Student: 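The structure follows.
These numbers were taken from a predicted model, which means no experiment stands behind them. Just so it is clear: chains get the letters A, B, ... in the order the sequence lines come, proteins before strands, and each one is counted from 1.
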Number of protein chains: 2
Amino acid sequence: MSRLNLTTQRKTILDLIQSCEDHPTAAEIMERLRTNGHQFAYGTVYNSLRYLTDAGLIRELKLGETACRYDGRTEDHYHIVCKKCGRVDEVLSAPPAEWIREVAAKTNYDVHHSQVVFEGVCNSCKHPNA
Amino acid sequence: MSRLNLTTQRKTILDLIQSCEDHPTAAEIMERLRTNGHQFAYGTVYNSLRYLTDAGLIRELKLGETACRYDGRTEDHYHIVCKKCGRVDEVLSAPPAEWIREVAAKTNYDVHHSQVVFEGVCNSCKHPNA
DNA sequence: ATAGTATTTAGACTTAGTATAAATTTAATT
DNA sequence: AATTAAATTTATACTAAGTCTAAATACTAT
Ligand SMILES: [Mn+2]
Ligand SMILES: [Mn+2]
Ligand SMILES: [Zn+2]
Ligand SMILES: [Zn+2]
């Protein structure tokens, strides 16, 4: 609960994540930083990603791959991954509250959060000749 | 698509997973094997887990932790993780088909599968003095 | 029995991330 | 402004989880 401290490194990484259309991994972020002429220490990138995540400025996504991805959209939303090409798209419709209530009732948990990852085949992969 | 080949190692591991009430990680499985007097090579445990998963005899769960967990229940179901104590419980109610249809329509994906992990506080952790 | 295929084993290797300690930067105090 | 203290970055070592490889065993089919 301390006030926000955006160092140059953190700000650069935040800008990068907010301005990209996809959901890059830490490795991809480092690669893009290098491309943009920045050279931050390996650990600094990880530290910054954690800091920004804890501060709520970005989201850390665990999509079942080996590496986490990062997301500049902080509003609650979900993701769908294409089995064929690996692309990750946004899912903006939330699970019905009724279902969450049912789960809470049946499991006796206070449900705080749900992480949903859909898997399927994206539009381009459905129509390979287009 | 070859016929099932359950070696001693694979059978032992399958039995272990099917007979336990929880969702052990590979490391926990190795530990329990050792406790039961078995000593399989490290790689064999991983190979067997993959084999059994591919054969559909067990399920591999990615709950957002560092290690995968394994599940002897092969029917479609989901999981809820307690933030406080880490326990993993079964969620047997499926997401409403209507919601899945909506996601498919909005994203233009063929949705094959959805992975859902709830997070919350379990009953015992809600009532610490009991 | 022999040859061919599949599996296990031991151990090297990879990937993604954490931990540590020194160097640097930033902020606070005199 | 100079000094001290706190926070951050850097380089590098280390860890955890899992894959890969090549030799040794075991199983299958002739
Ligand atoms: Mn997103
Ligand atoms: Mn289960
Ligand atoms: Zn695709
Ligand atoms: Zn609990």
Student: Give me the atom names and distance for the closest heavy-atom approach of Ile13(A) to Ser48(A).
Tutor: CD1-CB, 3.6 Å
Student: Taking atom C1' of dA7(D) as reference, at what distance in whole Å does atom CG of Leu6(A) sit?
Tutor: 14 Å
Student: For Arg3(B) and dT7(C), give me the distance from atom CZ to atom C1', rounded to whole Å.
Tutor: 14 Å
Student: Apply side-chain contact (heavy atoms from CB on, under 4.5 Å) to Leu14(B) and Gln18(B), showing your working.
Tutor: CA-CA 6 Å; Leu14(B) 176 59; Gln18(B) 282 178 338; 3.5 Å; yes
Student: In whole angstrom, what separates Arg50(A)'s CZ from dA16(C)'s P?
Tutor: 17 Å
Student: Rounded to whole angstrom units, what separation is found between the CG atom of Leu49(B) and the P atom of dG18(D)?
Tutor: 9 Å
Student: Is it the case that the side chain of Gln9(B) and the backbone of Thr44(B) share a donor-acceptor pair, with hydrogens and angles ignored and the cut-off at 3.5 Å?
Tutor: no
Student: Take the protein atom CG of Asp54(B) and the nucleotide atom C1' of dT19(D), then report the distance between them rounded to whole Å.
Tutor: 14 Å
Student: Describe the nucleic acid contact of Thr7(B) in one word from base, sugar-phosphate, nothing, applying a heavy-atom distance below 4.0 Å.
Tutor: sugar-phosphate
Student: Would one find a side-chain N or O of Gln9(B) under 4.0 angstrom from OP1 or OP2 of dA26(D)?
Tutor: no
Student: Rounded to the nearest 0.5 Å, what separation is found between the CD atom of Glu90(B) and the NE2 atom of His79(B)?
Tutor: 4.0 Å
Student: Would you indicate, yes or no, if dA16(C) has its OP1 or OP2 atom less than 4.0 angstrom from a side-chain nitrogen or oxygen of Thr66(A)?
Tutor: yes
Student: Looking at Arg101(B) and Glu98(B), is any side-chain nitrogen of the basic one under 4.0 Å from a carboxylate oxygen of the acidic one?
Tutor: yes
Student: Tell me whether Leu61(B) shares a hydrophobic cluster with Ile29(B), the cluster being built from Ile, Leu, Val, Met, Phe, Trp, Tyr side chains joined at under 4.5 Å.
Tutor: no
Student: Round to a whole Å and report the spacing from CZ of Arg10(A) to P of dT25(C).
Tutor: 16 Å
Student: Can you list, in residue-number order, the parts of residues 14-43 of chain A that come under 4.0 Å of DNA chain D, counting heavy atoms only?
Tutor: Phe40(A), Ala41(A)
Student: Which nucleotide, dG18(D), dT8(D), dT9(D), lies nearest any side-chain atom of Thr44(A)?
Tutor: dT9(D)
Student: Rounding to a whole Å, what distance do you find between Ile13(B):CD1 and dT9(C):C1'?
Tutor: 13 Å
Student: Return the value, rounded to whole Å, for the distance between atom OH of Tyr46(A) and atom C1' of dA11(D).
Tutor: 16 Å
Student: Verify, without hydrogens or angle tests, whether Arg69(B) (side chain) and His23(B) (backbone) share a donor-acceptor contact under 3.5 angstrom.
Tutor: yes
Student: Nearest heavy atom decides the nucleotide; on that basis, is Asn5(B) or Asn47(B) closer to the 5' end of DNA chain D?
Tutor: Asn47(B)
